[in-house]
Amino acid sequence: RDKKLKDNASQAVPKILPCLANSNPGVVLEACRTLADIGNKDTIPSLEPLLTHPKPDIRDEAYKAIAKLRGGGGP
């Protein structure tokens, strides 16, 4: 079951990444959280541009997602 879940998650990543550029901040925040939960370190470069986003809540969520993906350490 875990392997099937991981396979499904990795297939979802290409569909989630475009959400990071969405004009709705709620969608961007949710995409950050979802990518962090999936745990695919390959998504870190896609999250890094959000660290300079004009909205502080998005910057914060991107930072937290990257930290979680890197195993709890800071960026």
Side-chain angles (χ1 to χ4, degrees):
R1 178 172 187 247
D2 286 344
K3 181 177 177 354
K4 186 171 170 41
L5 194 61
K6 270 200 183 321
D7 290 346
N8 288 343
S10 65
Q11 289 174 10
V13 168
K15 294 176 176 73
I16 296 168
L17 290 179
C19 295
L20 296 177
N22 196 290
S23 59
N24 181 335
V27 171
V28 178
L29 290 171
E30 202 52 48
C32 286
R33 291 182 191 121
T34 303
L35 289 172
D37 288 342
I38 289 173
N40 183 339
K41 285 182 170 43
D42 294 340
T43 61
I44 291 174
S46 300
L47 289 163
E48 286 175 334
L50 296 177
L51 295 172
T52 57
H53 195 279
K55 293 193 175 294
D57 52 343
I58 290 178
R59 288 195 307 264
D60 188 49
E61 203 59 49
Y63 178 88
K64 286 192 277 188
I66 291 170
K68 184 174 180 178
L69 289 166
R70 287 186 174 157

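All values reported here derive from a predicted model rather than from experimental measurement.
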(request) Verify the cluster assignment for Y63 and L17: are they in a single hydrophobic cluster under the rule of side-chain heavy atoms below 4.5 Å apart? (result) yes

(request) For Q11 and N8, run side chain to side chain contact (heavy atoms under 4.5 Å, CB included): C-alpha distance rounded to whole Å, both residues' side-chain angles, the deciding distance at 0.1 Å, then the answer. (result) CA-CA 5 Å; Q11 289 174 10; N8 288 343; 4.3 Å; yes

(request) Taking all non-hydrogen atoms of both residues into account, name the closest pair between L69 and K41 and its distance. (result) O-NZ, 2.9 Å

(request) With rounding to the nearest 0.5 Å, note down the distance linking CG in L35 to CD in E61. (result) 11.0 Å

(message) Taking side chain to side chain donor-acceptor pair (under 3.5 Å) as the definition, give me every residue that meets it alongside D37, ordered by chain and number, with sequence neighbours left out.
(response) K68

With a cut-off of 3.5 Å and sequence neighbours excluded, list every side-chain donor-acceptor pair involving residues 43-51.
unit_1	atom_1	unit_2	atom_2	d
T43	OG1	N40	O	2.7
E48	OE2	R70	NH2	3.1

(message) On a heavy-atom basis, which atom in C32 and which in A65 lie closest, and how many Å separate them?
(response) O-CB, 3.6 Å

(message) Would you say that D42 contacts V13 through its side chain, given a criterion of any heavy-atom pair below 4.5 Å between the two side chains?
(response) no

(request) Please report the shortest heavy-atom distance between H53 and R59, naming the atom on each side. (result) O-NH1, 2.7 Å

